[in-house]
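Let me begin by presenting the structure, written as structure tokens, before commenting on it.
Just so it is clear: chains get the letters A, B, ... in the order the sequence lines come, proteins before strands, and each one is counted from 1. These numbers come from the heavy atoms of this one structure, side chains and all, not from hydrogens, waters or symmetry mates.
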Amino acid sequence: KQEVTQIPAALSVPEGENLVLNCSFTDSAIYNLQWFRQDPGKGLTSLLLIQSSQREQTSGRLNASLDKSSGRSTLYIAASQPGDSATYLCAVNKGSGSARQLTFGSGTQLTVLP
Amino acid sequence: KAGVTQTPRYLIKTRGQQVTLSCSPISGHRSVSWYQQTPGQGLQFLFEYFSETQRNKGNFPGRFSGRQFSNSRSEMNVSTLELGDSALYLCASSFLTDTEAFFGQGTRLTVV
């Protein structure tokens with residue numbers, strides 16, 4: 001059974017800092033890994049998708065890496081801003097056969113202080 | 001282009017009743033998945049539909065069911081509601097199995 005762990009559970013940083021969020025998973029046979037952010041009471045916003053054959057993806061101030069063999073991914077946020085405050089979730093996509101199923105970590109709650 | 005649309009946004013139901021939630025995926029997307037989010041259990045997979053066929057199902061009781069129509073719109077039904085079914089129900093759509101998943105804003109279900 002796939003298990004996804006995110007560390008830390010909560011993080012508070014001053015504005016402008018660079019930070020790293022961690023995600024680990026137990027089964028390396030995945031299609032891809034996706035990072036999301038969730039604002040309170042809202043749905044999930046997709047940030048980055050990394051296919052299993054890729055090592056890295058970048059979008060603006062965000063950079064995500066994937067090491068499938070060790071079951072790890074990191075999300076790097078550069079020059080953090082108060083608007084980055086949210087819960088960040090990683091999810092690995094692995095179903096049975098051709099079906100898809102996202103397994104989520106419990107998230108990292110990020111607070112960026114002005 | 002329009003995103004994933006879930007209706008209604010909020011629902012209050014009484015124990016024992018049943019409820020139907022709706023999800024309209026992004027145009028052209030044929031895969032629709034449903035997830036339950038609670039403070040205690042986090043996000044848990046319910047089921048996935050592709051071209052009107054359920055391809056995968058999570059570990060939930062038979063009270064939870066769903067279906068997908070020919071236009072890819074999906075509905076989720078929960079019968080005999082329990083207090084523990086109170087949660088945010090999220091729908092995700094994607095074009096194929098290994099492409100990016102896009103989520104709707106969710107339906108907040110409260111069972112009293």
Side-chain angles (χ1 to χ4, degrees), chain A residues 1-7 9-10 23 25 27-54 57-59 62 64 66 68 86-109, chain B residues 3-7 9-10 21 23-26 29-51 53-60 66 68 86-110:
Chain A
K1 177 190 170 188
Q2 178 75 267
E3 292 183 2
V4 181
T5 304
Q6 289 189 248
I7 295 173
C23 172
F25 48 95
D27 184 351
S28 62
I30 62 172
Y31 292 130
N32 52 48
L33 183 146
Q34 199 165 349
W35 283 92
F36 297 90
R37 70 172 279 169
Q38 185 176 32
D39 295 287
K42 305 287 188 182
L44 277 60
T45 300
S46 178
L47 297 173
L48 286 165
L49 170 74
I50 311 178
Q51 298 291 353
S52 61
S53 58
Q54 297 176 318
Q57 277 290 341
T58 298
S59 176
L62 305 179
L66 174 64
K68 204 173 70 160
T87 296
Y88 289 80
L89 295 150
C90 73
V92 294
N93 178 16
K94 171 72 168 81
S96 56
S98 60
R100 72 176 295 143
Q101 175 177 337
L102 294 180
T103 302
F104 286 85
S106 53
T108 294
Q109 187 172 0
Chain B
V4 179
T5 303
Q6 291 189 246
T7 57
R9 291 292 310 279
Y10 303 93
L21 313 182
C23 172
S24 294
I26 291 171
H29 286 191
R30 293 191 292 166
S31 171
V32 174
S33 303
W34 289 89
Y35 294 83
Q36 181 197 66
Q37 186 176 33
T38 59
Q41 298 297 317
L43 274 151
Q44 293 186 287
F45 171 75
L46 281 156
F47 27 65
E48 187 230 3
Y49 287 87
F50 188 91
S51 294
T53 300
Q54 186 183 89
R55 296 199 301 185
N56 203 3
K57 184 172 167 46
N59 189 24
F60 278 82
Q68 187 179 34
S86 295
L88 180 66
Y89 289 88
L90 292 162
C91 164
S93 82
S94 62
F95 182 60
L96 293 172
T97 297
D98 60 350
T99 56
E100 192 172 6
F102 296 91
F103 280 77
Q105 289 298 298
T107 294
R108 171 74 62 184
L109 172 64
T110 302

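Heavy-atom distances place no part of A:Leu48 under 4.5 Å from chain B, backbone and side chain included. Only the side chain of B:Tyr35 comes within contact range of chain A, with heavy atoms under 4.5 Å apart.
With chain B as partner, the option from A:Ile30, A:Leu89, A:Asn32 having the largest number of non-hydrogen pairs under 4.5 angstrom is A:Asn32. Interface summary for chain A: among B:Ser31, B:Ser94, B:Gly58, B:Gly42, the most heavy-atom pairs under 4.5 angstrom belong to B:Ser94.
The line from CD of B:Gln44 to CD of A:Gln101 is 10.5 Å long, rounded to the nearest 0.5 Å.
With sequence neighbours left out, the salt bridge (charged side-chain N to carboxylate O under 4.0 Å, His left out) criterion links B:Asp98 to no other residue.
Applying the 6.0 Å contact sphere to CZ of B:Phe95 captures no more than 12 heavy atoms from other residues, nucleotides or ligands.
Taking each heavy atom of A:Leu102 and B:Ala101 in turn, the nearest pair found is CD1-CB, 4.1 Å.
At least one side-chain heavy atom of B:Leu43 sits less than 4.5 Å from a side-chain heavy atom of A:Leu44.
Applying the side-chain hydrogen bond (donor to acceptor under 3.5 Å, both in side chains) rule to pairs touching residues 34-47 of chain A yields A:Gln34-A:Ser46, A:Trp35-A:Ser73, A:Arg37-A:Asp39, A:Gln38-B:Gln37, A:Ser46-B:Glu100, sequence neighbours excluded.
In summary, the side chains of B:Ser33 and A:Arg100 do not present any donor paired with an acceptor at a separation below 3.5 Å, with no hydrogens or angles considered.
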